[in-house]
Amino acid sequence: MERIPILQMGEFLLVTIQVDMHDRLAMTLQDDLTNRIVKTGVKGVLIEISSLEIVDSFIGRIINNIASMSRILDAETVVVGMQPAVAITLVELGLSLTGVRTALSVEKGMILLRKSLGLSPDEKAEAVDKFSHD
């Protein structure tokens, strides 16, 4: 079964979607991600979607659901790398992605997550250092 990798980087989970999302894959990602949040106790989730060229209403709802479920599980979610066409489609479909924070790049998304969690730049360096030694 096809799965989207979920990487842990310190207090965060990083999901990079590199394939076209279909409904079953989106549902699997939702289940896998919520299970990993509970298992790891992370406080932030970064979802990188720059490879997605098309998002339908179902995938848009799944992204919104993931953010809502993450919040209930005490983790912030930031979606990064959204293509202009995807943003236009979501607006045209009437999907405002309530509660989903966005950033243009992974770096900006990480900064947004760190700020929302009250992490200092030193903690960022420690998280990266820990990740590189694991």
Side-chain angles (χ1 to χ4, degrees):
M1 175 189 246
E2 187 178 20
R3 284 188 138 66
I4 294 174
I6 302 170
L7 306 174
Q8 185 169 355
M9 295 179 61
E11 288 292 312
F12 306 129
L13 293 178
L14 173 63
V15 178
T16 302
I17 300 171
Q18 298 290 320
V19 296
D20 287 331
M21 291 281 283
H22 52 79
D23 294 358
R24 178 169 291 171
L25 183 58
M27 293 295 295
T28 301
L29 174 61
Q30 178 179 281
D31 293 343
D32 289 349
L33 191 52
T34 52
N35 286 327
R36 283 290 295 274
I37 291 168
V38 170
K39 181 180 174 186
T40 61
V42 297
K43 300 297 181 190
V45 176
L46 191 89
I47 303 174
E48 198 279 327
I49 64 168
S50 64
S51 293
L52 288 183
E53 295 179 12
I54 299 172
V55 172
D56 62 16
S57 61
F58 182 78
I59 301 300
R61 281 194 307 274
I62 290 293
I63 292 170
N64 198 43
N65 289 349
I66 287 171
S68 296
M69 291 174 193
S70 296
R71 221 176 6 266
I72 290 169
L73 297 171
D74 196 28
E76 294 288 324
T77 300
V78 176
V79 175
V80 300
M82 188 178 301
Q83 298 292 332
V86 170
I88 291 167
T89 301
L90 290 173
V91 170
E92 287 175 348
L93 291 171
L95 296 172
S96 61
L97 300 183
T98 306
V100 178
R101 301 176 83 182
T102 60
L104 293 177
S105 68
V106 171
E107 182 179 7
K108 289 179 181 181
M110 290 296 249
I111 290 168
L112 189 60
L113 275 177
R114 284 194 304 273
K115 284 182 181 177
S116 71
L117 297 174
L119 297 177
S120 71
D122 292 336
E123 288 172 287
K124 171 200 165 200
E126 289 172 17
V128 170
D129 187 49
K130 179 180 184 267
F131 177 72
S132 64
H133 287 71
D134 286 345

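All values below were derived from every heavy atom in this structure, side-chain atoms included, with hydrogens, water molecules and symmetry-related copies excluded.
- Grouping the Ile, Leu, Val, Met, Phe, Trp and Tyr side chains by contacts below 4.5 angstrom, directly or via other members, places Ile54 apart from Leu93.
- The two residues Ile17 and Ile47 have their closest heavy-atom pair at CD1-CG2, 3.9 Å.
- Using a distance-only test at 3.5 Å, with no hydrogens or angles considered, a donor-acceptor pair links the side chain of Glu48 to the main chain of Ser50.
- Following chains of ILVMFWY side-chain contacts shorter than 4.5 Å, one cannot reach Val15 starting from Val106, and the two form parts of different hydrophobic clusters.
- Taking CE of Met82 as the reference point, atom OG1 of Thr102 lies at 6.0 Å (rounded to 0.5 Å).
- Proximity of Leu52 to Met21: side-chain heavy atoms (C-beta onward) are separated by under 4.5 Å at one or more points.
- Checking side-chain atoms of Asn35 against main-chain N and O of Asp31 turns up a donor-acceptor pair under 3.5 Å.
- Distance alone, capped at 3.5 Å, places no donor-acceptor pair between the Gln30 side chain and the Asp32 backbone.
- Residues Phe12 and Leu119 are in side-chain contact: their nearest non-hydrogen atoms beyond the backbone lie under 4.5 Å apart.
- Both Met27 and Val55 are part of a single hydrophobic cluster, where members link through side-chain heavy atoms under 4.5 Å apart.
- Among all heavy-atom pairs drawn from Leu113 and Gly44, the shortest one is CD2-CA, 4.0 Å.
- Counting all heavy atoms, side chain and backbone alike, Ser105 lies closest to Val80 at O-CG1, 3.4 Å.
- Closest approach of Val42 to Ala75, counting heavy atoms only: O-CB, 3.7 Å.
- Atom CD1 in Ile62 sits 11.5 Å away from atom CG in Leu33 (nearest 0.5 Å).
- Side chain of Arg36 to backbone of Ile6: a donor-acceptor contact under 3.5 angstrom is found.
- Two residues are said to be in side-chain contact when any heavy atoms from C-beta on lie closer than 4.5 Å; Thr16 and Ile49 fail this criterion.
- In the hydrophobic clustering of ILVMFWY residues, with side-chain heavy atoms under 4.5 Å counting as a link, Val79 and Leu14 come out apart.
- To the nearest 0.5 Å, atom CD of residue Glu11 and atom CD of residue Glu76 are 13.0 Å apart.
- When every heavy atom of Leu25 is checked against every heavy atom of Glu2, the shortest pair comes out as CD1-O, 3.5 Å.
- Atoms CD1 and CG, on Ile63 and Asn65 in that order, are 10.0 Å from each other to the nearest 0.5 Å.
- Here the closest non-hydrogen pair linking Met110 and Leu46 is N-CD1, 3.9 Å.
- Between the CD1 atom in Ile88 and the CD atom in Gln83 there is a gap of 11.0 Å [rounded to 0.5 Å].
- In the hydrophobic clustering of this structure, Val45 does not group with Leu117; members are Ile, Leu, Val, Met, Phe, Trp, Tyr whose side-chain heavy atoms approach within less than 4.5 Å, directly or through other members.
- Each of Asp74, Leu73, Leu13, Ile37 was scored for a side chain to side chain contact (heavy atoms under 4.5 Å, CB included) with Lys43, with one residue passing: Asp74.
- To the nearest 0.5 Å, atom CG of residue Asp20 and atom CD1 of residue Ile59 are 10.0 Å apart.
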